[in-house]
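Only heavy atoms go into these numbers, but all of them, side chains included; no hydrogens, no water, no symmetry mates. Model, not experiment: these values are computed from the prediction.
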Amino acid sequence: MTIVWIALAGIILLLFMSGLYFTRTLIRPQTISSEESFRIESESGRLVEEQFNAAVKQDIHIASPFGYHLYGQYFPCDGAKQTIILAHGITYTLFGMVKFLDMFRQHGFNVLLIDHRHHGRSGGPNITYGFYEKHDLGAWFEWALEKLGPDGRVGTMGESMGAAIALQHAALEPRLAFVIADCPFSDLHRLLALRLRKDYRLPLFPFMPIASWITRLVSGMVIDAVSPVREARHIQAPLLLTHGLLDSYIPSTMSEEIYAAKTEGVRRLYLVPGARHVESYLINPDAYRQQVDAFFNELAG
C-alpha cells in the first residue's frame, strides 16, 4: 500500500511540475530585447535604420492602471487629428510594427508604437494575453485622445497577440474609431489546447486545468476570460481582420470566427493565400495596403 501511495504522490508531483513549467512558459516566456528586435527588423529590411532615426518622434512614458510603467514611441504627423496605436505580438517589441508606419502616415495618422507589459521597455511582471493588457491599451487610448483634443479620432491595430489585445480593448471602448486585427486568436483556452497538442504532445486534461489554476494563482489571469470571439459582439467600432491562410500557429479559422461573431457595423475579412503567421503584409504589401485603403474608404463613404 505504501508503494501505491508513493507512486500516486509521484504522479501528482509530476503533473504539478508539468503544469508549473507550462504556466511559466505561458506567462513568462523568454522575450526579445528592444535592442535585439531593432537589429532583427533592421537586418531584415523591414526597418530602414537611417529613415527611422531621422524621423521626428518622441519617447512616451505613462503609468499602467496596475502600477507599472508603459513605454511607447510617438510619431506625429503635421496637423493630423487622428492617431493609430500599433500593438506588437508576443515576445517582441514595438519595433515589430515599424513596417506599418509609412502606410498609416500616408493616410494622415499620427502613429503611436507601444511596448506591452513585460515586453521591451515596459514594466509588468508577466504576460496575460489581454486580461490586463486591454486596460493598458485603454490608458494609451486616453493619452492619445487627450493629445488630439475633443475632435480627435483614435484607432488601433494589432498583430497576433497584439491583435487579440486590440479586439478585447475594442469591446470596452465605444469611442474607438476603428480596429485592425492581423492574425488574432479567437479564444485563449482553445489556442493553448492546440499548442499543448502540437508543441508538447500533451492532452488537454489534466494539464490545462492544472496550468489554469497555477496561472490564476500566480498572475490573477483567468484563461477562460480571454476570448476575443466572445467579446466581438460588443465591438461597435469598424473592424478589419486579416489572416494568412497558411498560418499554423493561429489558424485563420479563428479570424473567421471573430468576423462571424461581430454582427453589427462595418466588418471586413481579408484572408491571404500563401501567408503564414504574421506574413500577410510581408508577402504582398501592395495588396495589404489596398485592403486598408478600401477599409478607410468605406469608413469615409
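- In this structure, the side-chain hydrogen bond (donor to acceptor under 3.5 Å, both in side chains) partners of Arg276, at least two apart in sequence or on a different chain, are Glu279.
- The nearest pair of heavy atoms linking Ala80 to Gly108 is CB-O, 3.3 Å.
- Ring orientation note: the planes of Phe100 and Phe104 are tilted relative to one another, at an angle of 30° to 60°.
- Using a 30° and 60° split on the angle between ring planes, His88 and His116 fall in the tilted class, from 30° to 60°.
- Relative orientation of the Phe52 and Phe95 rings is perpendicular, given thresholds of 30° and 60° on the angle between their planes.
- No side-chain N or O of Asp136 forms a donor-acceptor pair with one of His169 less than 3.5 Å apart.
- Tyr92 and Glu41 are linked by a side-chain donor-acceptor pair at a separation below 3.5 angstrom, with hydrogens and angles left out of the test.
- No donor-acceptor contact under 3.5 angstrom links the side chains of Tyr259 and Arg268, judged on distance only.
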Please step through side-chain contact (heavy atoms from CB on, under 4.5 Å) for the pair Leu167 and Leu239, ending with a clear verdict. CA-CA 9 Å; Leu167 290 167; Leu239 170 63; 3.7 Å; yes
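- The closest donor-acceptor contact from the side chain of Lys262 to the backbone of Ala237 lies under 3.5 Å.
- For an aromatic pair to be called close, the ring centres must be under 6.0 Å apart, and Tyr132 with Tyr68 fails this.
- Arg195 places a side-chain N or O within 3.5 Å of a backbone atom of Tyr249 that can act as its donor or acceptor partner.
- A donor-acceptor pair under 3.5 Å is formed between the side chain of Ser122 and the backbone N or O of Asp115.
- Judged by distance alone, with hydrogens and angles left aside, the side-chain atoms of Arg233 form a donor-acceptor pair with the main-chain N or O of Arg230 at under 3.5 Å.
- No donor-acceptor pair under 3.5 Å is formed between the side chain of His135 and the backbone N or O of Glu133.
- The side-chain hydrogen bond (donor to acceptor under 3.5 Å, both in side chains) test applied to Asp247 returns His243, His277, not counting sequence neighbours.
- For the pair Lys134 and Phe131, the cation-pi test (distance below 6.0 Å, angle within 45°) is passed.
- Classified by interplanar angle (parallel below 30°, tilted 30° to 60°, perpendicular above 60°), the ring pair Tyr71/His61 is tilted.
- Side chains of Met221 and Leu26 form a contact here, defined as non-hydrogen atoms less than 4.5 Å apart.
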